[in-house]
Peer 1: 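Take a look at the following structure, please.
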Amino acid sequence: MIKKCLFPAAGYGTRFLPATKSMPKEMMPLVNKPLIEFGVDEAIEAGMSGMGIVVGRGKHSIEDHFDHNYELEHEISGTPKEAKLGDIRKIMDSARFSFIRQRKMQGLGHAILIGKELIGDQPFAVVLADDLCINQDGDGVLKQMAALYEQFRCSIVAVEEVPEDEIHKYGVIKGSVIRDDIYRVDDMVEKPAPGTAPSNLAIIGRYILTPDIFDILEKTKPGKGGEVQITDALLEQAKRGCVLAYKFKGKRFDCGSVPGYIEATNFVYENLYED
Ligand code: G1P
């Protein structure tokens with residue numbers, strides 16, 4: 001069973017400046033719930049109870065969000081407003097939160113390596129909170145991936161087909177089909193130059209990683225953009241053994257972009273929000 005989920009949350013969120021000047025991008029709300037809470041919900045649904053969050057400077061509000069606010073709770077205690085805290089209280093009862101700082105932004109791979117302290121020697125999930133994943137017809141994406149892990153026991157990346165003019169924004173895999181929705185990864189490239197992508201299968205922000213990834217990350221040299229890329233470490237892992245790519249069931253919204261964020265907000269308002 002996968003018990004822990006890591007949330008790299010140290011990035012700046014520059015696309016949303018000035019909103020993200022002092023507010024973490026992971027705390028941007030979709031209507032009334034911060035992005036990171038959607039990710040935590042998904043991890044809890046998948047049976048995980050240890051949430052490890054890699055933060056940077058100015059990210060205290062993430063810690064505060066998953067803790068008590070005694071003054072507020074006292075003020076609204078016994079009023080109808082108290083119901084609004086029901087979901088977050090359930091989360092606090094179901095999960096433990098631990099935090100570690102990434103002092104310098106050196107890439108997603110580096111952030112995951114920093115998270116080793118919180119994970120230890122066990123397989124774990126990674127959620128990038130700015131990818132919102134929703135499956136209204138069944139299990140959430142992490143739950144789907146955790147079930148696959150039980151079967152295959154190797155690292156798994158979630159992939160989605162994206163249009164050619166957008167593929168350069170993602171890590172992209174090349175794979176051999178194992179099942180109609182599963183590929184064995186043969187190659188992987190981080191943000192390929194336009195026209196050079198090995199396929200239209202983009203990695204989105206859900207991963208299951210086996211703990212040998214940490215040793216590989218220790219030795220992974222900075223790649224695209226001068227940053228340590230998880231994509232490069234996963235390619236090494238694929239060469240040594242096996243990495244799978246899974247075409248998940250459900251919808252993904254790129255909340256790291258303004259149009260994706262607006263689309264997700266409308267979706268949440270119309271389908272998930274309860275007043
Ligand atoms: C990161 C990963 C990339 C992946 C993407 C998914 O990139 O490096 O491989 O496709 O997340 O959202 P970022 O969006 O942080 O630049």
Side-chain angles (χ1 to χ4, degrees), residues 5-16 20 24-26 28 35-36 38-39 42 53-56 59 102 104-115 125-134 141-142 145 155-175 183 185 187-194 196-209 213 216-217 220-238 243-248 250-261 263-264:
C5 185
L6 194 66
F7 296 79
Y12 294 125
T14 47
R15 265 175 283 184
F16 287 93
T20 46
K25 65 172 175 165
E26 296 77 13
M28 301 255 303
L35 277 173
I36 193 160
F38 284 91
E42 197 184 320
I53 306 189
V54 182
V55 291
K59 301 267 186 168
Q102 185 188 22
K104 207 172 158 204
M105 306 307 138
Q106 289 175 290
L108 178 57
H110 181 254
I112 292 174
L113 182 56
I114 296 272
V126 174
V127 166
L128 306 184
D130 50 15
D131 276 330
L132 172 74
C133 292
I134 304 280
V141 175
L142 271 193
M145 293 174 77
S155 291
I156 307 169
V157 297
V159 293
E160 172 177 83
E161 290 181 16
V162 309
E164 205 184 326
D165 59 340
E166 289 189 21
I167 196 83
H168 65 278
K169 298 180 191 160
Y170 297 90
V172 184
I173 69 125
K174 183 174 149 216
Y183 302 79
V185 171
D187 196 10
M188 227 172 189
V189 41
E190 179 66 14
K191 304 197 175 78
T196 67
S199 77
N200 65 346
L201 291 170
I203 301 168
I204 62 105
R206 298 290 181 278
Y207 305 77
I208 301 282
L209 301 176
I213 198 75
I216 299 175
L217 278 168
T220 303
K221 303 239 156 41
K224 192 87 190 180
E227 298 190 327
V228 178
Q229 299 293 349
I230 188 65
T231 307
D232 295 340
L234 279 164
L235 177 58
E236 179 59 27
Q237 209 180 30
V243 171
L244 298 180
Y246 170 58
K247 245 170 140 181
F248 59 94
K251 266 175 173 303
R252 195 254 335 185
F253 298 89
D254 172 15
C255 298
S257 76
V258 174
Y261 177 74
E263 204 192 323

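Every number for a ligand or one of its atoms is a count from 1 in the order of the listing.
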Peer 1: Could an N or O of ligand 1 be found under 3.5 Å from any N or O of Ile204, whether backbone or side chain?
Peer 2: no
Peer 1: Quick check: closest heavy atoms across Met145 and Ile156, and the distance to 0.1 Å?
Peer 2: CE-O, 3.5 Å
Peer 1: Under 3.5 Å between any N/O of Leu108 and any N/O of ligand 1: does that happen in this structure?
Peer 2: no
Peer 1: Is any side-chain heavy atom of Leu201 closer than 4.5 Å to a side-chain heavy atom of Glu161?
Peer 2: yes
Peer 1: Considering only heavy atoms of Gln229, which atoms of ligand 1 have at least one such atom less than 4.0 Å away?
Peer 2: 8 (O)
Peer 1: Nearest protein heavy atom to atom 10 (O) of ligand 1, by residue and atom, and its distance?
Peer 2: Ile203 O, 2.6 Å
Peer 1: Looking at atom 11 (O) of ligand 1, what's its closest protein heavy atom, distance included?
Peer 2: Leu128 CD1, 3.4 Å
Peer 1: Identify each donor-acceptor pair in which a side-chain atom of residues 104-113 lies under 3.5 Å from a protein atom, sequence neighbours left out, and give them as a table.
Peer 2:
unit_1: Gln106; atom_1: OE1; unit_2: His110; atom_2: NE2; d: 3.0
unit_1: His110; atom_1: ND1; unit_2: Gln102; atom_2: NE2; d: 2.9

Peer 1: Specify the protein heavy atom at minimum distance from atom 14 (O) of ligand 1: its residue, its atom name, and the distance to 0.1 Å.
Peer 2: Lys191 NZ, 4.5 Å
Peer 1: Provide, to 0.1 Å, the distance between atom 12 (O) of ligand 1 and the closest protein heavy atom, together with that atom's residue and name.
Peer 2: Asp131 OD2, 2.8 Å
Peer 1: Against heavy atoms of Gly171, which atoms of ligand 1 measure under 4.0 Å?
Peer 2: 3 (C), 4 (C), 9 (O), 10 (O)
Peer 1: Less than 4.5 Å apart, any side-chain heavy atom of Tyr12 and any of Thr20?
Peer 2: no
Peer 1: Give, for atom CG of Asp130 and atom CD1 of Ile36, the distance between the pair rounded to the nearest 0.5 Å.
Peer 2: 10.5 Å
Peer 1: Give me the atom names and distance for the closest heavy-atom approach of Thr220 to Gln229.
Peer 2: CG2-O, 4.2 Å
Peer 1: Which atoms of ligand 1 sit under 4.0 Å from any heavy atom of Thr231?
Peer 2: 9 (O)
Peer 1: Could you go through the ring-ring contact (aromatic ring centres under 6.0 Å, His included) check for Phe16 and Tyr261 one step at a time?
Peer 2: CA-CA 10 Å; Phe16 287 93; Tyr261 177 74; 5.3 Å; yes
Peer 1: At what distance is the nearest protein heavy atom to atom 8 (O) of ligand 1, and which residue and atom is it?
Peer 2: Glu190 OE2, 2.7 Å
